[in-house]
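Side chains are part of it too, since the values below use all heavy atoms of this structure and drop only hydrogens, waters and symmetry mates. Keep in mind the model is a prediction, meaning the values are calculated, not measured.
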Amino acid sequence: TPATILFMDIKGFTENCEKLGNDLDTLGLHLGSVMDCVVRELSRHDLIIDKFIGDAIMSFRGGPLCKGDPAENAYQVVRAALAGAKALKELNDPYFTRMKIGGASTSDCLIGAFGTSTRLSYTALGGGVNLAARLEPACGQCGTENLFCETTRDLCAARKDLVWRRWGRIRVHGKRLPVRVYEAFDRSELEDGAFIETFHRAVTAFEGKNFSAARTLFSEADRQRPEGDQPSRDYVLWCDELARSGAPQDWEPVMRTKK
């Protein structure tokens, strides 16, 4: 069954738990407020809330309980992710303000009631779920606000209200081949999207092993974005490292992510 899966995980949760010490009542109050805020947006876009995993939310759109084709499912998931992140920012919680977001679309997802003879849960299973789960922490490692697979981007290609940044390729646990990943933006929220085109030119130079030109372009993309651009800064450091040590003979422009 086609579906698009979404994982959203609160940034800085462990750090803020330590700041709050043993004040579990305050922690529960703020966590509940944040979850309410985000889940409200997920539900508004007709996503199925699969489960809560500590401070993370797994949701998806697809299967018999959802209306729409794969393209509609992917689009609503991306819009829900952007809306959830925006609502959380506007909530202005003193402890939790941002989330790591990973999403993936698949054509062969198992959706239904699974479990044991005594307890069942309605959930989604399959490789697409595993990929979405890997892209959520990878989002933080890539310095992006969200990270989606190429299939999701392709399914949303006709939607003019979305703008996509091609980050590059990453290697995730459980996948033999690297995957191309993309960051989604709401076009109406972009003051100036020039940095995205510059970033794409920089990635092309980087993939061609022209690290000097890539570094210049990544630095330009960082300057073009009003609040600065973390992925560009990270790539600059990568370029500097490769310029110092040189690229091995079998080098690939692929970042290996951690689980």
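No donor-acceptor pair under 3.5 Å is formed between the side chain of Asp222 and the backbone N or O of Gly228. Between the side chain of Ser33 and the backbone N or O of Leu29, no donor-acceptor pair lies under 3.5 Å. For the pair Asp50 (side chain) and Ala124 (backbone), a donor-acceptor distance under 3.5 Å is present. The closest donor-acceptor contact from the side chain of Asn73 to the backbone of Thr4 lies at 3.5 Å or more, if one exists at all.
Taking 4.0 Å as the cut-off between side-chain N and carboxylate O, Arg153 and Glu183 do not count as a salt-bridged pair. Using a 4.0 Å cut-off between charged side-chain N and carboxylate O, Glu197 and Arg201 make no salt bridge. Salt-bridge annotation for Glu145 and Arg98: present, with a side-chain N of the basic residue lying under 4.0 Å from a carboxylate O of the acidic one. Residues Glu41 and Arg44 are paired through a salt bridge, judged by an N-O separation under 4.0 Å between the basic side chain and the carboxylate.
Atom CD of Gln249 is surrounded by 12 or fewer heavy atoms from other residues, nucleotides or ligands within 6.0 Å. With a 6.0 Å radius and a threshold of 12 heavy atoms from other residues, nucleotides or ligands, Arg187 has its CZ atom above the threshold.
A centroid separation of 6.0 Å or more is found between the aromatic rings of Trp164 and Phe199.
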Just do the salt bridge (Lys or Arg N to Asp or Glu O under 4.0 Å) check on Glu207 and Arg166 with the steps written out, would you?
-> CA-CA 12 Å; Glu207 292 173 340; Arg166 179 174 74 91; 3.1 Å; yes
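Counting only heavy atoms from C-beta outward, the side chains of Asp46 and Arg61 approach each other to under 4.5 Å. Here the side chains of Glu136 and Leu6 are not in contact, with every heavy-atom distance at 4.5 Å or above.
Ring geometry for Trp251 versus Trp238: interplanar angle over 60°, hence perpendicular rather than tilted (30 to 60°).
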